[in-house]
Engineer: 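Just passing along the structure, written as structure tokens.
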Amino acid sequence: MMNYKKYKRQYYMPPVECNDWTKKEFIDKAPIWCSVDLRDGNQSLVIPMSLEQKLAFFKLLVRIGFKEIEVGFPAASETEYEFCRALIEQNLIPDDVTIQVLTQAREHIIKKTFEAIKGAKKAIVHVYNSTSYAQREQVFRMSKEEIKKIAVEGAALLKKLAEESGQDLYFEYSPESFTGTEMDYAVEVCNAVLDVWQPTPERKAIINVPVTVQLSLPHVYASQIEYVSKNLKYRENVILSQHAHNDRGCGVADTELGLLAGADRVEGTLFGNGERTGNVDIITVAMNMYAQGVDPELDFSDMTDIVEEYEQYTGMKVDERSPYSGALVFAAFSGSHQDAIAKGMKWIDEKEPEYWTVPYLPIDPTDVGRSYDADVIRINSQSGKGGVGYILETKFGLNLPKKMREAMSYAAKDVSDHKHAELQPNEIFDIFVEKFENITDPYSINEVHFQQHGDRITTQVTSTFEGTRVVTEAEGNGRLNAVSNALKKAYGLKYDLVSYSEHALEQSSSSRAIAYVGIRSASGKLSWGASLHTDIIHASIDALVAAINNRMAD
């Protein structure tokens, strides 16, 4: 039995009300993005990446457009150290990209970190120590003053070593476990660090307030961010950063509300990889902005390749329902959804509106390298006439009448239901051919002759039923009507010819056309037939015969 009484609130609200962020409707510009895939993401893998994989991943991040990339914890392992050195010594860091390295606020680790970045044109040194009540009490068994001293001494050593190196270095400080720290104390520690660094407009400092463990609803974190933003010293010279983990499944929400509350920068990973339940998924945050008409300043237009490379380097799998990137996120199997999407995309083609508004598709799939045919309309036993009709029209040029699309959808559903599988476009076309095209049993037509008599058409039809040939003459107000009347006369058939349509399949003098014919029996049931031919009269007659044979089969 689960005992909920063993838990209680572990987070701390700001000492004053901080709700200004609630007055903002949306994020209006991209934050500074920092990928931590190569550090936080890498250390969470069952098998960490090799040096070669990390180098390839770094190039992927640069290609996407990240200008700040945390490349590792150089003092943690030889691979981490060698990776940092390889980037610098092989001159693999573009001039507009800043690498970031992580270090605990401990002297020997800080010094090892500075050795790793020697020769880097530009770098951020990210120092941290834990400040939460639980860590102070249980892990370090230190007072608030003792914990603050660790942060200050680490900050001072960073400043000293940076001055001695003569390199273009920037500083970042994180009060780890920020969400479990008293807010006034967290600000006190950050301000003590800033007093050491004395940030300027030319050399700003980064204060990173991480959701090391998610402890609250997202609105609480937003209020915490706002409190920090309002109470940091040197605020105009400080870049306020956030680094959200996903323990409560709210990493994206925390980050988005944090940006509304005053954060300037986001640390995260592709697809949310990270310790425990992971980090915030930068792709989701960036694409959410994109879908609201804001430039995220990251390029995810080739999402399929990004997914493939990520899976290759990390051994992880991107879930089929992962926002914007999953294999099924644009797929519609539901009949009503398919119908709305098909009509929406037709409306877009006809009207060419300024903004994308297709139902059920928050963004145009082609913006991330996906296709309508392969990724959007998918057919299974839940699909309807809109989806089946869309596939036949866009893939094979068949524009079925509305009621025939319904009959075709039932045929496709039946096959999918029995196979317990999704149907591919070629399978759908094969079903159409089998069920509706050129059905020649038990009735077939061998020969037809026409004569024009004013407004009337006379025909002589030679037909076959179960091996017996019959010659019949009849007239009608058109060729198809005349043939229909002949067949009714020959075999005593009772039906009404209720639908006829046709269209060309190719644009040339010898192009084929397709005809669709629908007939209604005395009981009101519709039966359908179709046929392709270079002669449209020939196609329409064969379609009529197919409809009659389908009526007999029904």
Side-chain angles (χ1 to χ4, degrees), residues 392 396 398 400-415 418 428-503 505 512-554:
L392 289 174
F396 304 102
L398 305 181
L400 276 61
K402 182 177 180 180
K403 288 293 184 180
M404 190 179 188
R405 288 201 301 268
E406 189 173 316
M408 176 60 203
S409 74
Y410 284 121
K413 281 183 180 184
D414 185 59
V415 173
H418 282 86
I428 296 165
F429 181 73
D430 289 344
I431 293 169
F432 171 78
V433 171
E434 179 185 347
K435 297 290 184 181
F436 301 105
E437 194 177 323
N438 299 330
I439 312 300
T440 58
D441 184 61
Y443 295 98
S444 63
I445 288 182
N446 309 94
E447 194 174 342
V448 177
H449 299 281
F450 295 107
Q451 284 188 335
Q452 183 88 35
H453 299 284
D455 294 334
R456 305 293 289 177
I457 297 290
T458 299
T459 186
Q460 184 184 77
V461 177
T462 303
S463 61
T464 301
F465 176 69
E466 294 183 345
T468 302
R469 291 168 65 90
V470 177
V471 178
T472 312
E473 291 187 357
E475 66 174 29
N477 57 16
R479 286 174 170 78
L480 184 62
N481 181 248
V483 172
S484 176
N485 290 338
L487 293 173
K488 289 180 180 180
K489 180 179 177 180
Y491 302 108
L493 300 174
K494 297 184 182 300
Y495 64 83
D496 293 321
L497 181 60
V498 296
S499 178
Y500 169 73
S501 61
E502 63 185 60
H503 63 80
L505 286 179
R512 295 179 305 162
I514 185 166
Y516 311 99
V517 171
I519 61 174
R520 180 183 288 119
S521 66
S523 65
K525 180 175 177 59
L526 280 171
S527 299
W528 293 90
S531 180
L532 281 125
H533 202 276
T534 53
D535 182 275
I536 191 58
I537 300 302
H538 197 303
S540 63
I541 293 170
D542 286 348
L544 171 64
V545 173
I548 293 171
N549 284 325
N550 274 335
R551 173 181 173 273
M552 294 298 292
D554 291 338

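The shown structure was predicted, so the numbers you read here are calculated from the model rather than taken from an experiment. The first residue in the sequence is number 1, and the count goes up from there.
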Engineer: Between the main-chain N or O of Asn438 and the side-chain N or O of Asp542, is there a donor-acceptor pair closer than 3.5 Å?
Structural biologist: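 The answer is no, because no donor-acceptor pair under 3.5 Å joins these two groups.
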
Engineer: Which pairs pass ring pair (Phe, Tyr, Trp, His ring centres under 6.0 Å) with one or both residues in residues 445-464, sequence neighbours excluded?
Structural biologist: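 Qualifying pairs: none.
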
Engineer: Show your working on side-chain contact (heavy atoms from CB on, under 4.5 Å) between Asn477 and Ile457 and close with a plain yes or no.
Structural biologist: CA-CA 6 Å; Asn477 57 16; Ile457 297 290; over 6 Å; no

Engineer: Would the distance check show the side chain of Arg512 and the main-chain N or O of Leu505 forming a donor-acceptor pair, the cut-off being under 3.5 Å?
Structural biologist: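 No: the side chain of Arg512 does not pair with the backbone of Leu505.
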
Engineer: So which pairs with a foot in residues 433-449 pass salt bridge (Lys or Arg N to Asp or Glu O under 4.0 Å), sequence neighbours left out?
Structural biologist: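 Passing the test, one end in residues 433-449: no pairs.
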
Engineer: Looking at Glu475, is its backbone amide N or carbonyl O close enough to the side chain of Asn485 to form a donor-acceptor pair, meaning the two atoms are under 3.5 Å apart?
Structural biologist: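 Here the side-chain-to-backbone pair exists.
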
Engineer: For residues Thr459 and Ala486, report the shortest heavy-atom separation together with the two atoms involved.
Structural biologist: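 Residues Thr459 and Ala486, closest heavy atoms: CG2-CB, 4.3 Å.
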
Engineer: Starting at CZ of Phe436, measure out to CD1 of Ile431 and round the result to the nearest 0.5 Å.
Structural biologist: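 With rounding to 0.5 Å, CZ (Phe436) is 10.0 Å from CD1 (Ile431).
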
Engineer: Within a strict 4.5 Å, meaning less than it, do heavy atoms of the Val470 and Thr464 side chains meet?
Structural biologist: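 Answer no - side chains too far apart.
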
Engineer: Kindly compute the distance separating OG (Ser484) from CG (Leu544), expressed to the nearest 0.5 Å.
Structural biologist: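 Nearest 0.5 Å value for the OG-CG distance: 5.0 Å.
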
Engineer: Looking at every heavy atom in both Ala530 and Ala546, which two are closest together, and how far apart are they?
Structural biologist: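 Nearest pair, atom of Ala530 first, then Ala546: N-CB, 4.1 Å.
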
Engineer: Does atom CG of Asp455 have more than 12 heavy-atom neighbours, drawn from other residues, nucleotides or ligands, at distances under 6.0 Å?
Structural biologist: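 No, CG of Asp455 has 12 or fewer neighbouring heavy atoms, counting only those of other groups under 6.0 Å.
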
Engineer: Measure the CG-OG distance between Leu392 and Ser409 for me, rounded to the nearest 0.5 Å.
Structural biologist: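 So the CG of Leu392 and the OG of Ser409 are separated by 10.5 Å.
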
Engineer: Are the ring centres of Tyr500 and Tyr516 closer than 6.0 Å?
Structural biologist: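 Ring centres of Tyr516 and Tyr500 not closer than 6.0 Å.
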
Engineer: For a side-chain hydrogen bond (donor to acceptor under 3.5 Å, both in side chains) check, start with the C-alpha distance between Asn446 and Ser463, then their side-chain angles and the critical distance, and finish with the verdict.
Structural biologist: CA-CA 5 Å; Asn446 309 94; Ser463 61; 5.9 Å; no

Engineer: Heavy-atom distance under 4.5 Å between the side chains of Phe432 and Leu400, does that happen here?
Structural biologist: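 Yes; the side chains approach each other to less than 4.5 Å.
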
Engineer: Atom CG of Leu497 and atom CG of Leu480: how far apart are they, to the nearest 0.5 Å?
Structural biologist: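 Going from the CG atom of Leu497 to the CG atom of Leu480 covers 5.0 Å.
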
Engineer: May I ask you to test the Val448-Thr462 pair for a side-chain heavy-atom distance under 4.5 Å?
Structural biologist: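 The answer is no, as the side chains (C-beta and beyond) never meet within the 4.5 Å cut-off.
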
Engineer: Say you draw a straight line from CG of Leu487 to CD1 of Ile541; how long is it, rounded to the nearest 0.5 Å?
Structural biologist: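 CD1 of Ile541 is found 9.0 Å from CG of Leu487.
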
Engineer: Can you name the nearest heavy-atom pair linking Arg551 to Ser521, along with the distance?
Structural biologist: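 Looks like NE-CB, 3.7 Å.
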
Engineer: So, does Lys488 use its side chain to make a donor-acceptor pair with the main chain of Lys494 at under 3.5 Å?
Structural biologist: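 No, Lys488 side chain to Lys494 backbone: no donor-acceptor pair under 3.5 Å.
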
Engineer: Where the side chain of Asp496 meets the backbone of Val498, is there a donor-acceptor pair that is under 3.5 Å apart?
Structural biologist: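 No: the side chain of Asp496 does not pair with the backbone of Val498.
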
Engineer: State, with a plain yes or no, whether a side-chain heavy atom of Glu502 is found less than 4.5 Å away from one of Ile514.
Structural biologist: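 No, every pair of side-chain atoms sits at 4.5 Å or beyond.
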
Engineer: Rounded to the nearest 0.5 Å, how far does CD1 of Ile445 lie from CZ of Phe465?
Structural biologist: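 Those atoms lie 14.0 Å apart.
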
Engineer: Short question: side chain of Lys525, backbone of Arg520 - any donor-acceptor pair under 3.5 Å?
Structural biologist: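 Side chain of Lys525 to backbone of Arg520, a donor-acceptor pair under 3.5 Å: no, none is there.
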
Engineer: What are the two closest heavy atoms between Ala515 and Ala543, and how far apart are they?
Structural biologist: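 That closest heavy-atom pairing would be O-CB, 3.6 Å.
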
Engineer: Any donor-acceptor pair under 3.5 Å linking the side chain of Asp414 with the backbone of Tyr410?
Structural biologist: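 Judged by distance alone, no pair lies under 3.5 Å.
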
Engineer: Looking at Thr472 and Ala490, what are the two nearest heavy atoms and their distance?
Structural biologist: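 Heavy atoms only, the tightest pair is OG1-CB, 3.1 Å.
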
Engineer: Tyr495 vs Ile548, test: side-chain contact (heavy atoms from CB on, under 4.5 Å). Steps then yes/no.
Structural biologist: CA-CA 9 Å; Tyr495 64 83; Ile548 293 171; 3.6 Å; yes

Engineer: So for atom CZ, which belongs to Arg456, do other residues, nucleotides or ligands contribute more than 12 heavy atoms lying within a distance under 6.0 Å?
Structural biologist: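 Counting other residues, nucleotides and ligands, CZ of Arg456 exceeds 12 neighbours.
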
Engineer: Report the C-alpha distance between Glu466 and Tyr443 in whole Å, list the side-chain angles of each, state the deciding distance to 0.1 Å, and finish with yes or no for side-chain contact (heavy atoms from CB on, under 4.5 Å).
Structural biologist: CA-CA 7 Å; Glu466 294 183 345; Tyr443 295 98; over 6 Å; no

Engineer: Taking all non-hydrogen atoms of both residues into account, name the closest pair between Asn549 and Ile439 and its distance.
Structural biologist: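 So the two residues come closest at ND2-O, 2.6 Å.
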
Engineer: Please assess Ile428 against Met408 for the test side-chain contact (heavy atoms from CB on, under 4.5 Å), listing each intermediate value before the final yes or no.
Structural biologist: CA-CA 9 Å; Ile428 296 165; Met408 176 60 203; 3.8 Å; yes

